[in-house]
S.K.: 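Take a look at this one; I'll ask things after.
When a ligand or atom number is given, it counts from 1 through the structure's own listing order.
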Amino acid sequence: MSDAGRGALTHAELASSGTPHRAGDPCVMVIFGASGDLTKRKLLPALSALAHDGLLPDRFAVVGFARREKSDEAFRDEMKAAVQQFSRHRPPKPEVWDRLARGLHYVAASFEEPGGYDRLRDLLGELDRKNGAGRNRVYYLATPPNAYAPIVTRLGAAGLVSEAWDGQPDGGAAPDGRGWSRIIIEKPFGRDLATARALNADIHRVFRERQVYRIDHYLGKETVQNILTFRFGNSIFEPLWNRRYVDHVQLLVGEDLGVEGRGGFYDTAGAMRDMVQNHMLQLLSLVAMEPPATFEADAVRDEKVKVLRAIRPIPASRAGDLTIRAQYVSGVLRGKKIPAYADELGVGEETPTETYAALHLEIDNWRWAGVPFYLRTGKALPKRVTEVTIQYRRPPLLLFQQAEHAAHADRDVIEPNRLTLRIQPDEGISLRVGLKPPGPRISLVPARLGFVYRDTFGVEPAEAYERLLLDCMLGDSTLFIRRDEVETAWALVTPVLEAWAAASRNGLAYYPAGSWGPKEADRFIQGDGREWANP
Ligand code: BG6
């Protein structure tokens, strides 16, 4: 797997590499919550990057929908500034930007007031006549979550959702010219199992499941998709991907920032809701799933949900043994002193909210029985890093010089093989192996075989939202979360959240900002005779 000595792929190799080259189908994208951060930081920059790459449909428009009064012109100016700051292709080429900007419109209305939806309908009709988007719609909910159900209900009541027709992956037109309607819903999708179910029920009163695209931006990351190609596009790893060879698996999502002004939101969420229930369980399902029969949306999601269902439930009574939760106190992060979480703006006094969570999960199926999966995520850790580490079993015999040391020191000194999938940053894959160092004696030192995304492909991976917006415009929901997936994930974490809420600050550990988490988390894994794989 080493690509040492090999240059970046040629354009021809990249062109034949299966990157989607088809532009999205003609449509109007209506963004609810268009004044918010997500629209500025992610959505418009992604649309602009798609436009640069020739992947936006020719007949395309965006309608921003939000409370704040502003003209189309003001909306365009704001979005231009956002794209200049955040898009992968920045500054945008003037001809590309001008074209996108001509299709940007704005409706100022509250999410509850039916009059706003009447105005939206009039504008959509006008855009259809002008640019012929074929009455196809992508509705994007980029609002606070309490607005999701009211918006869906009002869209239905205003007749803005084509009932059954959700389009076809080949982009065919609706048989009777009605166009298709799809809805993208941001996280958080509920705050526990009951609220997620209620939200699904509200959505299903208006949209069919095939029209619903629940987004988890981790699935749009190139390196996350690479988990499946790496596993199922090579023949040498999959035979070793099971309990016979794997000792345990670690998933780490570390962030080197505190809550950065999002204290008000974060204090109602915490690490479990913000990262584990969605991004981390999605990563786990890709790492642990069985090969799907095809790469079609439902075949892939059937396998993912099977893994989630096979995770052994953690009843509230075991939450204390199988999980750790902690909160950061002040500390030094990248040379800068940062305040304790509890002192952040918007955070409640004596807050019990966890900024760090670690879990020990077991998957009760044939492949993984007895192999622990350790999940760990935290804010204010020393490094921004997302990694999956597959740690293999130790060799059965110690034949080398280390054996003597081991006998004296009464411990193992050989580092077991470790496969690391580096999701971000420094995207790549590495395999730790034992090799003989130079010299007359036969002994073993750890060395790394590695693939570095940037060196091999010669480009940085695209932003997750680019891929996900394009897939939705193409009617491909493989990288979106299905109803049963989201509910199964909530079913797993809800008892733990309830146990934590009942205990409040009892059992909450603390760690200084800039450290790898609380001592309790080290003891947690050491108790199983293992160590965290800190990058
Ligand atoms: C979001 C969380 O879903 O993911 C944030 O709400 C977190 O708290 C972010 O910072 C991390 O995303 P990424 O792509 O930067 O790893």
S.K.: What do you reckon, is CD of Glu112 surrounded by more than 12 foreign heavy atoms closer than 6.0 Å?
M.R.: yes
S.K.: Considering Glu255, Lys187, Glu186 one by one, which has a heavy atom nearer to atom 10 (O) of ligand 1 than any of the others?
M.R.: Glu255
S.K.: Could you check Asp216, Val224, Leu219 and say which one makes a side-chain contact (heavy atoms from CB on, under 4.5 Å) with Leu479?
M.R.: Leu219
S.K.: Indicate the atoms forming the closest heavy-atom contact of Ala142 with Leu38, along with that distance.
M.R.: CB-CD2, 3.7 Å
S.K.: On a heavy-atom basis, I'd like to know which of Ile215, Val259, Val385, Asp274 is closest to atom 6 (O) of ligand 1.
M.R.: Asp274
S.K.: Check whether the ring centres of Trp490 and Phe189 lie less than 6.0 Å apart, and answer yes or no.
M.R.: no
S.K.: Under 4.0 Å from ligand 1, counting heavy atoms only, is it the side chain of Tyr218, its backbone, both or neither?
M.R.: side chain
S.K.: Are any of the N or O atoms of Tyr266 closer than 3.5 Å to those of ligand 1?
M.R.: no
S.K.: Report the nearest protein non-hydrogen atom to atom 15 (O) of ligand 1: residue, atom name, distance rounded to 0.1 Å.
M.R.: Arg384 NH2, 3.3 Å
S.K.: How far apart are the closest heavy atoms of Thr353 and Gly270, and which atoms are they?
M.R.: CG2-CA, 3.5 Å
S.K.: Closest non-hydrogen protein atom to atom 12 (O) of ligand 1, residue and atom name please, with distance?
M.R.: His217 NE2, 3.2 Å
S.K.: What's the shortest distance from atom 14 (O) of ligand 1 to any protein heavy atom, and which residue and atom give it?
M.R.: Lys221 NZ, 2.6 Å
S.K.: Has the side chain of Thr377 got a donor or acceptor atom that lies under 3.5 Å from a matching backbone atom of Ala271?
M.R.: no
S.K.: Taking only heavy atoms of Lys379, which atoms of ligand 1 are found under 4.0 Å from at least one of them?
M.R.: 5 (C), 7 (C), 8 (O), 10 (O)
